[in-house]
Amino acid sequence: MKAIVQHEFGGPETLQVAEVDSPTPGAGEVVVKVTASTVNPLDTLIREGKALKEFTPLPFIPGWDVAGTVAEVGEGAPFEPGQRVFGMPRFPKPGKALAEYCVVDARNLAATPDSLSDAEAAALPMAGMTAWQAFHDTVEVKEGEKVLINGAGGGVGHLAVQIAAAAGATITAIASPSKHEWLRSLGAHEVVDYNDEAAMAALEGFTTAFNLAPGSWVPTLEAVAPGGHLITISGGADELNERAEEAGIHHHVTSVNTRDEWLAALVDLVEGGKLRPHISATYPLERAADAHRELDEGHAQGKIVITIG
Ligand SMILES: NC(=O)c1ccc[n+]([C@@H]2O[C@H](COP(=O)([O-])OP(=O)(O)OC[C@H]3O[C@@H](n4cnc5c(N)ncnc54)[C@H](OP(=O)(O)O)[C@@H]3O)[C@@H](O)[C@H]2O)c1
């Protein structure tokens with residue numbers, strides 16, 4: 001089968017198409033004929049050898065999000081050949097999703113909702129579970145709560161807006177102006193441009209803030225009311241921890257995982273018409289390097305998808 005194989009760490013040019021053996025399913029596993037996957041910012045760090053290196057001995061096949069049809073079913077896996085499925089295999093080990101076939105533990109898969117294309121379904125697992133985890137596991141966002149989302153127009157952010165809206169929160173979304181109208185249509189009540197210093201400085205009184213722009217946590221922290229919650233996705237900054245503690249704010253660092261109940265929750269929201277991934281751009285597998293180049297620019301609107309086959 002064709003797959004993207006990384007033989008060295010480095011820039012997007014290290015993402016090369018190669019012929020490799022197709023996987024076979026073990027007990028409880030499914031081989032998915034992959035028609036769509038995505039790129040996530042973590043893929044860039046891994047590509048450069050700057051994250052999860054212990055899980056990516058060279059050579060490896062990158063990619064986590066998977067959507068397609070069931071090709072082969074291992075013993076005891078509750079799926080049928082031909083069934084449309086999506087999910088996220090094996091995190092934090094390489095999911096090996098940028099390939100024509102990918103083996104996935106059946107617990108990490110769900111039936112694809114009829115209303116979603118495979119490309120849309122591929123846009124959901126990693127980004128959607130990250131957003132779901134923030135607002136329904138790390139904290140439980142409630143109706144009427146004032147929620148701030150920084151980096152709201154990206155892969156995780158646009159799903160986080162919809163998930164918070166479905167919970168009945170009042171949402172302020174921080175993003176560049178070209179995304180404001182679109183974010184309002186997804187459920188944001190207020191929108192703020194991160195380059196507008198006065199508007200950023202005026203943000204206050206939020207009970208929960210989700211910061212998806214790692215270098216820009218200061219205004220998000222300052223907008224949280226004492227006793228409120230700040231959720232970040234990379235953590236690590238001692239200064240952030242100290243300042244949150246001084247201000248009486250609970251700081252949580254999330255790290256996504258595949259949980260079947262989170263995938264099921266995303267499916268429920270999709271089927272209830274409350275969640276729909278937005279695709280920023282699609283690239284064929286052979287142009288995975290270009291998908292990474294666009295991702296690395298850092299201004300995607302929704303998810304960048306890779307189509308296969
Ligand atoms: N810990 C975990 O489990 C986990 C899981 C998934 C993702 N993540 C992390 O979460 C972050 C977001 O991921 P993603 O997939 O949503 O990335 P993405 O699709 O690249 O989106 C990032 C967004 O940030 C916006 N942005 C850029 N500079 C900004 C600034 N200074 N202030 C505010 N917004 C800015 C960009 O839009 P505009 O500039 O056009 O508005 C873009 O839409 C990444 O750092 C990723 O590594 C962590």
Side-chain angles (χ1 to χ4, degrees), residues 37-48 50-52 55 62-65 88 90-92 95 122-135 137-138 148-163 172-184 186 188 191-197 199-201 203 209-223 230-237 240 251-259 262 266 277-282 291-306:
S37 184
T38 74
V39 289
N40 290 283
L42 185 56
D43 291 318
T44 294
L45 295 175
I46 289 172
R47 188 193 74 214
E48 294 172 334
K50 292 178 181 163
L52 302 180
F55 296 118
W64 281 296
D65 293 312
M88 185 172 85
R90 271 194 222 97
F91 189 86
L124 261 186
M126 179 175 275
M129 284 193 285
T130 303
W132 177 270
Q133 176 186 31
F135 292 152
D137 185 76
T138 307
L148 178 66
I149 302 171
N150 191 15
V156 177
H158 86 291
L159 299 172
V161 168
Q162 297 175 68
I163 288 168
T172 298
I174 303 174
S176 50
S178 64
K179 295 175 176 167
H180 286 185
E181 201 181 319
W182 169 65
L183 285 167
R184 282 187 192 279
L186 298 182
V191 282
V192 173
D193 173 6
Y194 51 81
N195 288 316
D196 182 340
E197 286 180 24
M200 290 292 284
L203 293 170
F210 189 19
N211 190 58
L212 292 155
S216 310
W217 55 264
V218 174
T220 323
L221 172 78
E222 290 177 345
L230 171 66
I231 307 166
T232 64
I233 33 71
S234 47
L240 169 50
H251 176 216
H252 314 264
V253 182
T254 63
S255 185
V256 74
N257 213 319
T258 313
R259 293 260 288 270
W262 295 350
L266 295 174
H278 178 87
I279 297 172
S280 176
T282 58
H292 268 232
R293 288 184 185 101
E294 181 175 336
L295 178 76
D296 291 352
E297 285 170 15
H299 299 288
Q301 178 167 348
K303 288 293 297 179
I304 299 169
V305 166
I306 298 202

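In listed order, ligands and their atoms are each counted from 1.
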Could you tell me whether S216 approaches ligand 1 through its side chain, its backbone, both or neither, with non-hydrogen atoms closer than 4.0 Å?
side chain
Polar atom proximity, Y194 to ligand 1 (N or O, under 3.5 Å):
yes
I need the nearest protein heavy-atom contact for atom 3 (O) of ligand 1: residue, atom name and distance, please.
V256 N, 2.6 Å
Examine T254 against ligand 1 and note whether any of their N/O atoms are separated by less than 3.5 Å.
yes
Note: heavy atom closest to atom 41 (O) of ligand 1, options S178, S176, P219, A131, belongs to S176
shortest atom 16 (O) of ligand 1-to-protein heavy-atom contact is with V156 N, 2.8 Å
Tell me, which protein residue and heavy-atom name are nearest atom 21 (O) of ligand 1, and how many Å apart are they?
G154 CA, 3.3 Å
Does the N or O separation between S255 and ligand 1 drop below 3.5 Å for any pair?
no
Interatomic spacing from CD in E48 to NE2 in H292 - rounded to 0.5 Å
10.0 Å
Could you check atom 20 (O) of ligand 1 against the protein and tell me its nearest heavy-atom contact, residue, atom and distance included?
P41 CG, 4.0 Å
Is there a nitrogen or oxygen of K179 sitting under 3.5 Å from a nitrogen or oxygen of ligand 1?
yes
Please report the shortest heavy-atom distance between A152 and V161, naming the atom on each side.
CB-CG2, 4.0 Å
Any heavy atom of N150 closer to ligand 1 than 4.0 angstrom?
yes
Closest approach of any protein heavy atom to atom 45 (O) of ligand 1, naming residue and atom
P214 CG, 3.4 Å
Just to check, does A127 reach to within less than 4.0 Å of ligand 1 when the distance is taken from its heavy atoms?
no
Using the ring of each side chain (for Trp, its six-membered ring), is W182 parallel, tilted or perpendicular to H158, with breaks at 30° and 60°?
parallel
Considering only protein heavy atoms, which is closest to atom 4 (C) of ligand 1, and at what distance to one decimal place?
T130 CG2, 4.0 Å
Does an N or O anywhere in A213 fall below 3.5 Å from an N or O of ligand 1?
no
Please write down residue, atom name and distance for the protein heavy atom closest to atom 42 (C) of ligand 1.
G298 O, 3.3 Å
Under 3.5 Å between some N or O of ligand 1 and some N or O of I233?
yes
For atom 12 (C) of ligand 1, the protein heavy atom that lies nearest, with its residue and separation
L212 O, 3.5 Å
